[in-house]
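Side-chain atoms are counted along with the backbone in the values below, which use heavy atoms only and exclude waters and symmetry mates. Throughout, protein chains are lettered first and strands after them, A, B, ... in sequence-line order, and every chain is numbered starting at 1.
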There are 2 protein chains.
Amino acid sequence: MSHTLGVRQAQKQKTRQALLDAALLLLEEQSLSSLGLREVTRAVGVAPTAFYRHFRSTADLGVALVEEALGSLHPMIRTTVSTADDSEERIARAVELISRHVEAYPAHVRFIARERHGGVQPVREAIREQLVRFAREVKDELAKDQQAVGWSEDDLLMLAHLYVDQMLITASLFLEALDAAPEERERVTRLATRQLRLISVGRRHWRD
Amino acid sequence: MSHTLGVRQAQKQKTRQALLDAALLLLEEQSLSSLGLREVTRAVGVAPTAFYRHFRSTADLGVALVEEALGSLHPMIRTTVSTADDSEERIARAVELISRHVEAYPAHVRFIARERHGGVQPVREAIREQLVRFAREVKDELAKDQQAVGWSEDDLLMLAHLYVDQMLITASLFLEALDAAPEERERVTRLATRQLRLISVGRRHWRD
DNA sequence: CCATGCAGTTAACAACTGTTCTCTGGAATT
DNA sequence: AATTCCAGAGAACAGTTGTTAACTGCATGG
């Protein structure tokens with residue numbers, strides 16, 4: 001806001017972003033726990049020691065990637081779930097939204113799916129933390145709906161987590177189908193749609 | 001069956017199992033894609049080159065671990081879902097069964113959760129293949145139930161995948177809660193129970 | 001009993017890793 | 001205009017990795 005940051009810091013952020021981008025690319029066919037510091041700097045074209053100017057370790061870089069990746073997932077999840085009442089068209093729209101997001105940011109989706117249960121503890125925790133935040137937001141969104149009158153806070157949070165997990169599973173399926181035949185993507189769409197539908201039916205008849 | 005296998009092959013299988021065990025132990029705090037061949041042999045106490053007598057690569061060892069880990073998950077999933085009609089007590093029993101399994105084979109559960117979306121393609125495919133098999137079996141089990149009269153094959157398979165995924169999510173939550181306070185495990189139990197309950201409600205009111 | 005098979009060993013290789021210390025050029029500050 | 005600061009370079013380190021080749025000892029089958 002105050003002023004455009006100097007040439008110095010601009011260049012620094014530029015190489016920092018280059019490191020993040022290169023890492024994300026390399027992580028398409030390996031996990032973070034095997035990603036080497038030199039490997040990343042080599043891909044960017046800077047000296048290995050330059051890495052330390054930006055990150056303490058590759059685990060540290062991983063945590064930064066969590067922020068970036070879930071920063072892009074955030075608006076997607078909000079939009080998806082805020083329109084997640086039961087009507088058939090809205091479920092279809094939610095699935096479509098997930099599909100589009102996977103096409104737009106495949107590397108981000110892959111990273112989160114892979115490192116959520118991956119071998120680097122700080123990264124796992126960062127992801128878990130963010131997903132808990134998301135679930136809470138989803139819960140707040142669900143609470144606004146008229147369907148939620150008889151629901152306890154705990155039950156709403158339970159449903160929210162179900163939605164968030166289901167969303168990640170669906171995104172992961174779309175990811176696997178990315179370079180497959182279009183009919184495969186159609187299959188995933190229909191599967192995800194019906195699973196969401198079943199959850200919605202359960203939600204509608206919960207208070208019995 | 002035919003005859004007890006010779007001293008030679010017995011010893012071979014013994015070190016092979018030792019390699020698998022050591023690998024599983026090392027994989028508690030890293031992913032397969034960073035697991036080194038020498039690391040494993042060092043832990044067992046054999047020469048690095050001995051590794052090649054049993055596995056082509058660590059990826060190959062990973063595929064073998066999939067067989068082992070899902071071999072132990074197999075009966076668990078069958079039992080869980082075959083008793084998965086709607087009654088409250090049976091849901092509770094299923095969750096209890098998952099919890100017990102995680103306590104009995106934490107390393108197996110961790111391995112599957114971690115490598116399902118991990119960085120080693122052959123292992124990912126092996127896991128996916130096995131889970132599809134499981135889902136098919138679960139589908140067949142569901143088809144036997146009286147509730148399944150109006151259901152199409154596709155819808156049954158859809159529900160089966162939902163159950164399988166939910167089971168893995170729950171197992172993973174129990175795993176994280178393993179060395180936490182007992183109250184945390186109780187929280188996971190109640191969460192998983194209600195999520196399964198919601199799916200059951202959706203299942204009961206599906207044909208509307 | 002002797003010859004073969006084969007699980008595991010030893011040694012060596014080129015390549016790679018993370019981390020340290022020292023240095024440099026140019027932007028930022030005074 | 002002079003000084004400080006600091007992102008990145010360069011070189012070197014001890015340690016690691018996967019893979020090769022040639023070997024040894026012992027259980028096995030003829």
Show me the donor-acceptor pairs within less than 3.5 Å that the side chains of residues 56-64 of chain A make with the rest of the protein, sequence neighbours left out.
{"residue": "A/Ser57", "atom": "OG", "partner": "A/Ala59", "partner atom": "N", "Å": "3.4"}
{"residue": "A/Ser57", "atom": "OG", "partner": "A/Asp60", "partner atom": "N", "Å": "3.3"}
{"residue": "A/Asp60", "atom": "OD2", "partner": "A/Arg56", "partner atom": "N", "Å": "3.1"}

Original post:
Is DNA chain D part of any stem, that is, at least 3 consecutive Watson-Crick or G-U pairs with both distances under 3.5 Å, and where?
Top reply: C:1-12 with D:19-30, C:14-27 with D:4-17
Original post:
Does A/Arg100 have any side-chain hydrogen bond (donor to acceptor under 3.5 Å, both in side chains) partners at least two apart in sequence or in another chain, and if so, which?
Top reply: A/Glu96
Subject >> Partners passing side-chain hydrogen bond (donor to acceptor under 3.5 Å, both in side chains) against B/Arg124 (at least two apart in sequence or in another chain) >> reply: none
Original post:
Can you list every pair that meets salt bridge (Lys or Arg N to Asp or Glu O under 4.0 Å) and has a residue in residues 157-177 of chain A, with sequence neighbours left out?
Top reply: A/Arg116-A/Asp165
Can you give each donor-acceptor pair under 3.5 Å made by side-chain atoms of residues 31-50 of chain A, sequence neighbours left out, with the distance rounded to 0.1 Å?
{"residue": "A/Ser31", "atom": "OG", "partner": "B/Ser33", "partner atom": "OG", "Å": "3.1"}
{"residue": "A/Ser33", "atom": "OG", "partner": "B/Ser31", "partner atom": "N", "Å": "3.3"}
{"residue": "A/Ser33", "atom": "OG", "partner": "B/Ser31", "partner atom": "OG", "Å": "3.0"}
{"residue": "A/Ser33", "atom": "OG", "partner": "B/Ser34", "partner atom": "OG", "Å": "2.6"}
{"residue": "A/Ser34", "atom": "OG", "partner": "A/Gln30", "partner atom": "OE1", "Å": "2.9"}
{"residue": "A/Ser34", "atom": "OG", "partner": "A/Ser31", "partner atom": "O", "Å": "3.0"}
{"residue": "A/Ser34", "atom": "OG", "partner": "B/Ser33", "partner atom": "OG", "Å": "2.6"}
{"residue": "A/Glu39", "atom": "OE1", "partner": "A/Gly36", "partner atom": "N", "Å": "3.0"}
{"residue": "A/Glu39", "atom": "OE2", "partner": "A/Gln30", "partner atom": "NE2", "Å": "2.7"}
{"residue": "A/Thr41", "atom": "OG1", "partner": "A/Leu37", "partner atom": "O", "Å": "3.4"}
{"residue": "A/Thr41", "atom": "OG1", "partner": "A/Arg38", "partner atom": "O", "Å": "2.9"}

**OP:** Only counting residues at least two apart or in another chain, list the ones meeting ring-ring contact (aromatic ring centres under 6.0 Å, His included) with A/Phe134.
**Re:** A/His74
DNA chain D contacts among [range], heavy-atom distance under 4.0 Å:
range                     : result
residues 14-28 of chain B : none
residues 52-67 of chain B : B/Tyr52
residues 30-48 of chain A : A/Arg38, A/Val46, A/Ala47

Original post:
So do the side chains of B/Leu131 and B/Leu168 get within less than 4.5 Å of each other, counting heavy atoms only?
Top reply: yes
**OP:** Take nucleotides 24-30 of chain D nucleotide by nucleotide from the 5' end and write B, S or -, depending on whether a protein heavy atom sits under 4.0 Å from the base, only from the sugar-phosphate, or from neither.
**Re:** -B-BS--
**OP:** Could you name each residue pair satisfying ring pair (Phe, Tyr, Trp, His ring centres under 6.0 Å) that touches residues 16-52 of chain B, not counting sequence neighbours?
**Re:** B/Phe51-B/Phe55
Original post:
Under 3.5 Å, is there an N or O donor on one side and an acceptor on the other linking the side chain of B/Thr49 and the base of C/dT10?
Top reply: yes
